[in-house]
Amino acid sequence: MTAETLLWLTLAVPAAGTLGIWATGKVANLREGVTLVTAVALCVLVALLAEKVLGGARPALTLVKTLPDAPLHLAVEPLGMLFALIASFLWIINSIYSIGYMRGNKEAHQTRFYVCFAIAIASTMGIAFAGNLFTLFVFYEVLTLSTYPLVTHKGNNEAQRAGWIYLGILLGTSICLLLTAIIVTYVQVGTLDFRAGGILAGKAPDWLGALLLLLFMYGIGKAALMPIHPWLPAAMVAPTPVSALLHAVAVVKAGVFTVVKVIVYIFGVGYLAELPWTEWLVYVAGGTVLLASIVALTADNLKRRLAYSTISQLSYVIMAAALFTPVAIMGAVLHIAAHAFGKITLFFAAGSIYTAAHKTEVSQLDGIGRLMPWTMGAFAIGAVSMIGLPPSAGFISKWYILMGAMETEHVFAIVVLIVSTLLNAGYFLPVIYRAFFRAPPADARHGEAPLPIVIALTVTAAGTIVLFFLPDLPLALAEAVAQAATGSSPGAAPGSVK
Amino acid sequence: MAEHFPVLIVLLPLIAAPLCVALRHGGGTWLLATLATWGSFAISIALLAQVLEDGTIKYQLGNWVAPWGIEYVVDELNAYILLVVTAIASVIMPFAARSVPAEMGQRGVYLFYTMYLLCLSGLLGMTVTGDAFNVFVFLEISSLSSYALISLGRNRKALHAAYQYLVLGTIGATFFLIGVGLLYLMTGTLNMADLAARIDKVEDSRIIYTAFGFIVLGIGLKLAVFPLHAWLPNAYTYAPSVVSIFLAGTATKVSLYLLLRFIYSVFGHSFTFDKVVAGPLILVLAVAAIVICSLVAVWQRNIKRILAFSSVAQIGYMLLGVSLGTVMGLQATLLHIFNHAMMKAGLFLACGCILYRVGSMKLVDLQGVGRRMPWTMMAFTLCGLSLIGVPLTAGFISKWYLVTATLERGWWAAAVLIVLASLLALVYVGKVVQAAFFKEPETGVVNLAEVREAPLSLLIPTWILVFANLYFGIETDISADIAGQAAKQLIGASR
């Protein structure tokens, strides 16, 4: 198959899967079969595509001409490739997990759940492979709308309220700020294509460039920069598989992915480094890292703690990108991958605890590690990756971000990295301590969660470790992104940065 | 045959109307009306193709040479409008077959189709004619029949709404006639092309300015420009479903066409924008319509009223494009005429389905209706997304063109306003969607448990428009290109 065929298949396969899931909704086993087959097929397609991209291919494809000079257009570049790889691989694991979770908890409306999930994945592929800002925006909105029924899955008042916060913030920021920024870019430049080195340089006065950065950063609500983060904790009312894949991987990563993409391919790192009034981004992102960690310290609800941890980790990526230097961009890209594996493991563990023991608060977890060794072992690995210790993926990405901060001699960023590492340890280690070193309550009779759940969290925890020892693939892609950031041609073979 | 198309498109419904009275048979009149409407639709496609191929078509009525005889002129602009009007009229015919007898009783059916065909021929005549007085004739035909159509609504308030519209509509038509009379006084001609040529020499006279005022005000009343929109919400709310759909999709569009025709083709661009300086005035009214009527729509409790106020706000968007006075602005306006006809007709069609099954348009009565009528409410939601301007729907394309047109003129504030007003649309569409899908039914007058999904003959037309909204939101080659050509032609030919 040619790379172009693979490209449109990555959208068509999950879309077809959506129809299949809907059609087979009456027969649960068949429906889950369709989900799994679709997920595996998608992952294989993305992997085949990745092989070609690593070989230097940059397939592109115009779907329809919707707007003059801004058609619905797909174009693969390394950053999107990495994002698609992560999302499609984790979808398989998450589907296995979902089956265990949804059945274990006897959730209602399961067909709707799987249908929306497949649409969300299809739109994530669209975001990853978007060839211009317009296409990205379209899929970004589809992702928001398709995840809304997942957030309000329970259908009670709390879920409704959370749904309104979710839609209100994500749609509000994207329509008011992001769309405005896109239109202004279009009017100024005349195109919305993602190009290595950016398209804005020399096309807009300084004040407008700085304003655009502000509009973009706060328009991309999915990146959860403070103070537009409240949708993320609110979204935690969703069933855990949703929090795990969407609100730790697909949706939030779509946010920071868009941030990096805009900084690298729309502004251009060189242009931003010269532009005045852009310093604020490092401080706001750094502030978000610290503040969210402090909130996480005080949260007793496990999913809430994880949500704030996510907000904090997302801002690592933004802060790294905001250093406007290739090494830090590499760190940002790697952190997208590292955090995805670590955080999905943590959420899987939280859902596993809920399914087996019906516990949601950290203070209830005394001794649970003895009853659920696999779950809590995976949790510990995920936590180590969040803190950024070897041997976990989190260590590598933090290393690159720290190198970027050192290179630009940005003292604030360095301090943030050190302090937040301590804070991360501060809110994760007590959980592990409680789970393993305190006696379980006398009446605890549960064991491990259902097998699909255990398999899923074991795989992602193992992935976190594997990424530390074999980081070649993400490194190669991250280097290619960093190269594009310096403005050299995107087709060049990936090599070292300096 | 083909050379007679410009007059045939008007004659077809005009001749069919009295035949309906002669026929008096419910199903028979429906068939006749459907054939006439679909015939007009086919002709409008042929006309558009012909115009795009060979340029403007001129047709001398009865072979009396213009400017003495009446001349019909079809260029890109009115071929486009003809297409919009006949397309909407054609889509609703299958819907009417079921909805009209249900709402008006079997005995009123033939009267309905008579009035409907007269109204259609009036609208088409206004669009196709190149003669200012002839416009007035057709304006009266369409107005009188639409008063009668609105009064057919089953709520007694429909009579009041029709009367209100009659008073204001008559004032509008009279103002228009006074304006045309003044023009005739100064130029001695009624042919539009001839008028345009002769106004040049006398355009500094105060009488021409007065004529401009009367004509714009008169059309403004029919167009429901804010603050002359008082008749519209009641008329749309209490009219029978089919009439609401038809008027929302066509009547205001034709009035807007007339406005464009007069300010560009008769008075000319430079007279309108440089001498009278109408641009800022239109802008202020447009902005007021967008903001105020969107806000009012948010507070309404009846779905049709929400949509009616939203219509006035949408007319504001179209006028905003006009007030820019540029090709891009005009293109955005024309595109929005097309797209808005699709989305509003789709929304009112969904309302018709609800009314057919539930019998109420109040939000309170419709809580939880989404579970009983999923297809209807899904159609409403999708057309509602288009109204908001969500990407991949036709509404997004209109707004995109409009915003880029305002930015091209450097009107940042207007661009921001358009975006913010979209959020108001989100609120009022969201209110309906939330009530239908996410609220528990209230135990009131209406028993939702017995409500079933609307019949296919109502659903299919609705979903045709839903797909049109999606199709023209993705593939814009046809709609945007024709709108662009019409805009260029209109401004290019204008002085």
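Protein chains get the first letters and strands the later ones, always in sequence-line order, with residue 1 at the start of each. Just so we're clear, the structure is a prediction, and the values are computed from it rather than from any experiment.
- Residue A:Leu179 touches chain B through its side chain alone, counting heavy-atom pairs closer than 4.5 Å.
- Looking at every heavy atom in both residues, A:Thr66 comes nearest to B:Gly473 through CG2-O, 3.3 Å.
- A:Ile175 touches chain B through backbone and side chain together, each having a heavy atom under 4.5 Å away.
- Within a 6.0 Å radius of CZ in B:Arg371, more than 12 heavy atoms belonging to other residues, nucleotides or ligands are found.
- When all heavy atoms of A:Val64 and B:Glu475 are compared, the closest pair comes out as CG1-OE1, 3.6 Å.
- Within 6.0 Å of the NZ atom in B:Lys431, the count of heavy atoms belonging to other residues, nucleotides or ligands exceeds 12.
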CA sep, side-chain torsions, deciding dist, call: B:Val403, A:Tyr186, side-chain contact (heavy atoms from CB on, under 4.5 Å): CA-CA 11 Å; B:Val403 169; A:Tyr186 177 76; over 6 Å; no

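- Interface residue A:Val138: backbone and side-chain heavy atoms are both found under 4.5 Å from chain B.
- For A:Glu141, the side-chain hydrogen bond (donor to acceptor under 3.5 Å, both in side chains) partners at least two apart in sequence or on another chain are A:Ser174.
- Only the side chain of B:Phe396 has a heavy atom closer than 4.5 Å to any heavy atom of chain A.
- Atom CG of residue A:Leu145 and atom OG1 of residue B:Thr381 lie 11.0 Å apart, to the nearest 0.5 angstrom.
- Interface with chain A: from residues 319-343 of chain B, no residue qualifies, criterion being any non-hydrogen pair under 4.5 Å.
- Checked against side-chain hydrogen bond (donor to acceptor under 3.5 Å, both in side chains), B:Ser422 has the following partners two or more places apart in sequence or in another chain: B:Lys399.
- Surrounding NZ of A:Lys154 are more than 12 heavy atoms belonging to other residues, nucleotides or ligands, all under 6.0 Å away.
- Annotation: salt bridge (Lys or Arg N to Asp or Glu O under 4.0 Å) contacts of B:Lys344 (sequence neighbours excluded): none.
- To the nearest 0.5 Å, the span separating CG on B:Leu420 from OG1 on A:Thr180 amounts to 8.0 Å.
- Contacts between B:Ile474 and chain A at a heavy-atom distance below 4.5 Å involve backbone atoms as well as side-chain atoms.
- A distance of 12.0 Å separates CZ in B:Phe437 from OG1 in A:Thr152, rounded to the nearest 0.5 Å.
- A:Leu67 approaches B:Thr476 most closely through the heavy-atom pair N-OG1, 4.4 Å.
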Test side-chain contact (heavy atoms from CB on, under 4.5 Å) on A:Leu171 and B:Val390 and set out the steps. CA-CA 10 Å; A:Leu171 282 184; B:Val390 173; over 6 Å; no

